[in-house]
Amino acid sequence: MAIRFLRPPLPCIDDVMNHPKKTTTPRTFHVKSFGCQMNVYDGERMAEMLGAQGMVPAEEGVDADMVVLNTCHIREKAVDKVYSDIGRLRRDDGSRPMIAVAGCVAQAEGGEITRRTNMVDIVVGPQAYHRLPDLIDKAARGEEALDTDMPVLSKFGALPDRPKQPRPTAFLTVQEGCDKFCTYCVVPYTRGAEISRPWAAIIDEAKALIDGGVREISLLGQNVNAWRGEDATGKQQGLAGLIRALDKMEGLERIRYTTSHPNDMEDDLITAHGDVEKLMPYLHLPVQSGSDPILKAMNRSHSRDSYLRLLDRFRAARPDIALSGDFIVGFPGETDADFQDTMSLIRDVGYAYAFSFKYSPRPGTPAADMAHQITPEVMSARLQELQTQILADQLAFNQATVGKRTHILIEKPGRKPGQLVGKSPWLQSVHVYAENAAIGDLIEVDIVSAGPNSLAGEITARKEAA
Ligand code: 5AD
Ligand code: SF4
């Protein structure tokens, strides 16, 4: 099902460019993902599927025969950006790769994309990308290749098993879609209704990832804490049950999950933060605003107070938990007083990290038609004030870890020779010089200094030997 958003007719970009349909079968590919972690996961699965079909990833710097643009529609200019990205794929000699537009822009725009440009061969929504190989065949035959169906579970069932890839961390989507219908958000339209992947499929995928060397799994979902399912014995479980099952899996060292909704939070999950050792002390819980009237207009179905009380319960279960959130400034009707309520909530919570955005009217969502839209100047000023506060809190949180002894999971080499970068339990990047450590190692360090975006650590053993 394609969602039709109300918006003015767009000019056809082929008035200025004329690039006929691609008619050869591609051999090499490149998947470019934009937006959230779920898109990153989808992009990986698409690449794995194309690999299983015998296609090979294009080498760095070499033009691919086929490019998948895995798009995001959450904020403004997404559609314009996709068209300019498409235009940039034109080569100097006038030729171009086969082009697939995937992700949420594909879902929202559907056939409008191929009406507007003939540079695109394939349009495939986020719930239909398991059919990409068929769509490629169709496109190679010069036929229309559009699929914006939403059969979520069959998508997962139809994807090939995850190949063994040595890497320390991996995403694992367990839940998709959203039934919350916040009045500003396109996700319920582009990703569809809330749906949970079955227990066994998740456990199998986790096993495959761990067998390949993954030591940290981040469970993903638009509302990941809405995940529900039956375990192997037929017992109903929520996200905490799933986390407890992963906790028992040998080789796995760390578990994270994102993104949660305050209204789907169950006692179990809070308790798990206190007694599941592998569950990292980090919670991303978007609030969007600190003002009750704005939360109501956003249809968030929680209040400022209920949100704060929820955080208190997490802190009681795990006192060192790092808190993170999402904020929107300039929602229609937001007064200075409403905005100051958001600022005071931020000061009350003391976030370790946060994502903040100017409100972006999304065509077809209720908020786009609300009265009292806020001017860009006011939004910019509010965003700047909010981000200054968040950055100060982030620095304070990081500085409070100086002097702590903790473990980091090494993820990649640093920029300087001999330097490695790992993540702390609180998701901070930690730079360390560790000759005997390798990517994937979990090493003990002392945190010796902190900036707003990263920390420096020293290996405990080395320091003691000195
Ligand atoms: N405008 C600005 N930010 C938005 N988000 C979602 N929709 C919009 C919008 N229309 C933000 C919310 C959400 C995050 C993923 O993106 O903060 O939590
Ligand atoms: Fe969008 Fe609200 Fe659903 Fe989050 S909970 S995906 S903001 S509708």
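We count ligands from 1, going down the list as the structure has it; atoms in each ligand are counted the same way. Just so we're clear, the structure is a prediction, and the values are computed from it rather than from any experiment. Residue indices begin at 1 and follow the sequence shown.
Residue-to-ligand polar distances place Tyr184 within reach of ligand 1: an N/O pair is separated by less than 3.5 Å. Inclusion of Tyr359 in the set of residues having an N or O under 3.5 Å from an N or O of ligand 1 is not warranted.
From the protein, the heavy atom lying nearest to atom 3 (Fe) of ligand 2 is Cys178 SG, 2.2 Å.
Remark: the Gln175 side chain and the Asn225 side chain contain no N/O donor-acceptor pair separated by less than 3.5 Å. Trp426 and Asn398 share no side-chain donor-acceptor pair at under 3.5 Å.
Both tests do not hold together for Arg45 against Tyr129: distance to the six-membered ring centre under 6.0 Å, angle to the ring axis within 45°. Seen from the ring of Phe357, Arg75 counts as a face-on cation partner, given the 6.0 Å and 45° thresholds. Stacking of Lys235 on the aromatic ring of Trp199 is not recorded, the 6.0 Å distance cut-off and the 45° axial limit not both being met.
Distances below 4.0 Å separate heavy atoms of His261 from the following atoms of ligand 2: 5 (S). Every atom of ligand 2 with a heavy atom of Pro188 under 4.0 Å away is listed here by number and element: 8 (S). For ligand 1 and Lys358, the ligand atoms under 4.0 Å from any heavy atom of the residue are 1 (N), 2 (C). Set against the non-hydrogen atoms of Cys185, the atoms of ligand 2 under 4.0 Å away are 1 (Fe), 6 (S), 7 (S), 8 (S).
With a 4.5 Å cut-off on side-chain heavy atoms, Gln384 and Ser380 do not count as touching.
Nearest to atom 9 (C) of ligand 1 by heavy-atom distance, out of Ser289, Ala354, Ser360, is Ser360. With atom 4 (C) of ligand 1 as the reference point, the heavy atom nearest to it among Thr259, Val329, Ile328 is part of Ile328.
Contact annotation: for Cys182 versus ligand 2, heavy atoms closer than 4.0 Å belong to both the backbone and the side chain. Contacts between Phe357 and ligand 1, counted as non-hydrogen atom pairs separated by less than 4.0 Å, involve the side chain only.
In this structure, Met298 has no heavy atom closer than 4.0 Å to ligand 2.
Expressed to the nearest 0.5 Å, how far CE of Met343 lies from CZ of Phe327 amounts to 9.5 Å.
Within the 3.5 Å criterion, the main-chain N or O of Ile217 finds no donor-acceptor partner in the side chain of Arg256.
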